[in-house]
> 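Questions regarding the structure given below will be posed in turn.
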Protein chains: 2
Amino acid sequence: MGTVSKALELLDLFRRDRPQIGLSDLARLSGVNKATCFRLMTELQTYGLIEQIGAAREYRIGPAVLRLAALREEVAPFKSVVVPILTALAESTGESTHVSVLAGDRVELVHFVYSTQHGTRVMMHDADHLPFHASSSGLAILAHAPEALRERILARKLPKFTPQTQTDPAIIRARLDEIRRSGIAESAGSFEEDVHSVAVPLFNARSTCMGAVAVAAPSARMSDALRARIKAEIITAALQIMQLRGGIPPEGFALGAPPSIPSPP
Amino acid sequence: MGTVSKALELLDLFRRDRPQIGLSDLARLSGVNKATCFRLMTELQTYGLIEQIGAAREYRIGPAVLRLAALREEVAPFKSVVVPILTALAESTGESTHVSVLAGDRVELVHFVYSTQHGTRVMMHDADHLPFHASSSGLAILAHAPEALRERILARKLPKFTPQTQTDPAIIRARLDEIRRSGIAESAGSFEEDVHSVAVPLFNARSTCMGAVAVAAPSARMSDALRARIKAEIITAALQIMQLRGGIPPEGFALGAPPSIPSPP
DNA sequence: TTTATCTGGTTCATTATTCAAACCATTGGT
DNA sequence: ACCAATGGTTTGAATAATGAACCAGATAAA
């Protein structure tokens, strides 16, 4: 792994629940030598991807991302398109919704909207990226990802987040086939206990999968009726997003086809 | 210069007027060897800062910035605070407004709003970062930047964008003194011909200058009356931004004090 | 006060990565 | 068929990254 990757992976340590980190912690968390860590951080800092603040001289994400994000949004609008649709979806289903994209070898959670209908709701748990094998979004994306990526992911040792997490590559592979068939991915408590989520993939203009929309509900609330409602609504949401972004589902992609097995695990 | 910096500087080649670049062009533009360029791009790509698209396999800014920007916005809200104020400022002055931040050693243009009052207006020209010595924002920031940064910038050879561009470090230094005195920076045609802009610095909670707000008008329209109006409005806008962000102007900072010389060049 | 242990930051010989110029394989135009 | 592009890959030679040890300062316990 190159130096640049190492530096960028340092950025992954910054999350919603831990937005600023000191040098020593950074070295500890990353396993990178402190001196190296320091050098990398100063380099990221001179570009502005990182800034150093406060008396404790902690590091955090810097202002350069604003420019990059603005540029990205200009050339490939996403947030402006997605957020209204996500909001509507949260409204119509009464549950938390989110959209994630495939960035490099990770599924990144880029936006989420909470519904205000229920007192209990699925919170986004300070996670910034979702596991391929244990989240409905990850599964949806993995199912439609290029062969190479899928194999690369499944070759890794997959962490077991809950007792329900499936980590056997063979079984996951079979499940991906099923997801490809139905167009919809589900995950029940496989990433977080008591969270049941439903996701559909998003395709870009070249019909390659670049993300997913998902609805996540507390397991206790996930009745057959709600599941049916979510599936219907999430499909229209996904189609709207793809239409506005110029995305085209690949040849023979079935959105919402009835699964051959009654109900996924 | 380290490898990481080199990789990140590659990102700077992507701009609004040139959002996607092929490998050969990238190597040409950066002066970096093609093989090196390729390796760096693939590393940036696996992180998602860059993505490769289309038949021509061109590179562009990738989806990872979305996550970083979201994180940044959560820990240090900026856009959500700044855009409404910028819009109001554009409204009340009838001219284009923008806000830029100091990121590393550059002034990055992070957001701009156009007024709809006039048929002619200053467009943001596809520039993503502004020169310190030839833009009102750059001057405002430079005037209040730490000594070290100021000297570093002035030690460089400063490009001459127009006949009006001042490139003599000594004269610029004198002008910075004046800007510090008045609190307001002006630039008339020094970056782009026929553009007259006014800027005031923004300070963070530790009273260090981290950006600037600016209003840019066509020179032809910049009357004394308009200038006075802009100055008044831009000051309130800057104060609003700082208030909402918890920014504190440094001890003895004079916003809108009358300049000792009637009118800057 | 002494001692111990944190912290951010620095040094320097060893080592591994990056560099540059060449070369491939395709593609598009003449 | 040719030429000039393109994206991508290989090669010894040069350069940069690395990590253990080391500061100096702050904090806290003894």
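If you're wondering where the values come from, they're calculated on a predicted model, not measured in any experiment.
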> Could you check A:Gly2 against A:Ser24 and say which one's nearest nucleotide on DNA chain C is further toward the 5' end?
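The 5'-side residue here is A:Ser24.
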> Less than 4.0 angstrom from a charged side-chain N to a carboxylate O is my criterion; do B:Arg15 and A:Glu74 meet it?
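Salt bridge flag = no for A:Glu74 with B:Arg15.
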> In whole angstroms, how far is the P atom of D:dA21 from the CG atom of A:Asn33?
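These atoms are roughly 11 Å apart.
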> Look at the side chain of A:Lys34 and the base of D:dG19, then say whether one donor and one acceptor between them are separated by less than 3.5 Å.
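No, no donor-acceptor pair under 3.5 Å.
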> Which residue lies toward the 5' end of DNA chain C, B:Arg39 or A:Gln52, if each is placed at its nearest nucleotide?
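Whichever sits nearer the 5' end wins; that is A:Gln52.
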> Nearest-Å distance, CZ (A:Phe38) to C1' (C:dG9)?
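For the pair A:Phe38 CZ and C:dG9 C1', the rounded distance is 5 Å.
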> Please report, rounded to the nearest Å, how far the P atom of D:dA5 is from the CD atom of B:Glu58.
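B:Glu58 atom CD is separated from D:dA5 atom P by 17 Å.
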> Specify the residue among B:Arg28 and A:Val32 whose closest nucleotide of DNA chain D lies further upstream toward the 5′ end.
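Result of the comparison: B:Arg28.
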> Using the closest heavy atom to pick a nucleotide of DNA chain D for each, name whichever of B:Ala35 or B:Asp25 lands nearer the 5' end.
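First, find each residue's nearest nucleotide; the 5'-ward one identifies B:Asp25.
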> Does B:Tyr59 place a side-chain N or O at less than 4.0 Å from the phosphate oxygens OP1/OP2 of D:dT6?
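It does not, given that no N or O in the side chain of B:Tyr59 lies less than 4.0 Å from OP1 or OP2 of D:dT6.
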> Please give, in whole Å, the distance from D:dG7 P to B:Ile50 CD1?
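After rounding, the gap between these two atoms is 14 Å.
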> Please state whether the phosphate of D:dA17, meaning OP1 or OP2, lies under 4.0 angstrom from any side-chain nitrogen or oxygen of B:Thr3.
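Yes, B:Thr3 has a side-chain N/O under 4.0 Å of OP1/OP2 on D:dA17.
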> Is there a side-chain polar atom (N or O) of B:Arg57 under 4.0 Å from OP1 or OP2 of D:dT6?
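B:Arg57 to D:dT6 OP1/OP2: no side-chain N or O under 4.0 Å.
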> Does a side-chain N-to-carboxylate-O contact under 4.0 Å join B:Glu178 and B:Arg175?
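No, this pair does not count.
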> Show your reasoning for whether side-chain hydrogen bond (donor to acceptor under 3.5 Å, both in side chains) applies to A:Glu73 and A:Ser80.
CA-CA 8 Å; A:Glu73 192 64 17; A:Ser80 55; 3.1 Å; yes
> Using whole Å, report how far CG of A:Leu40 lies from P of C:dT10.
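Going from CG in A:Leu40 over to P in C:dT10 covers 15 Å.
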> Rounded to the nearest Å, what distance is computed from the NZ atom of residue B:Lys6 to the P atom of nucleotide D:dT15?
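Distance check: B:Lys6 NZ to D:dT15 P gives 11 Å.
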> Measure CE/A:Met41 against P/C:dG8 and give the value in whole Å, please.
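Taking atom P of C:dG8 as the reference, CE of A:Met41 is at 11 Å.
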> Between B:Arg72 and A:Glu51, does any NZ, NE, NH1 or NH2 come within less than 4.0 Å of an OD or OE carboxylate oxygen?
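B:Arg72 and A:Glu51: salt-bridged.
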> Using a 6.0 Å distance limit plus a 45 degree cone around the ring axis, check whether A:Arg245 lies over the aromatic ring of A:Phe203.
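Not flagged: A:Arg245 not positioned over aromatic ring of A:Phe203.
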> Under 4.0 Å between a side-chain N/O of B:Thr36 and OP1 or OP2 of C:dC19, yes or no?
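Yes, such a contact exists.
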> Nearest whole angstrom, please: distance from the P of C:dT27 to the CG of B:Leu23.
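The distance from CG of B:Leu23 to P of C:dT27 comes to 17 Å, rounded to the nearest Å.
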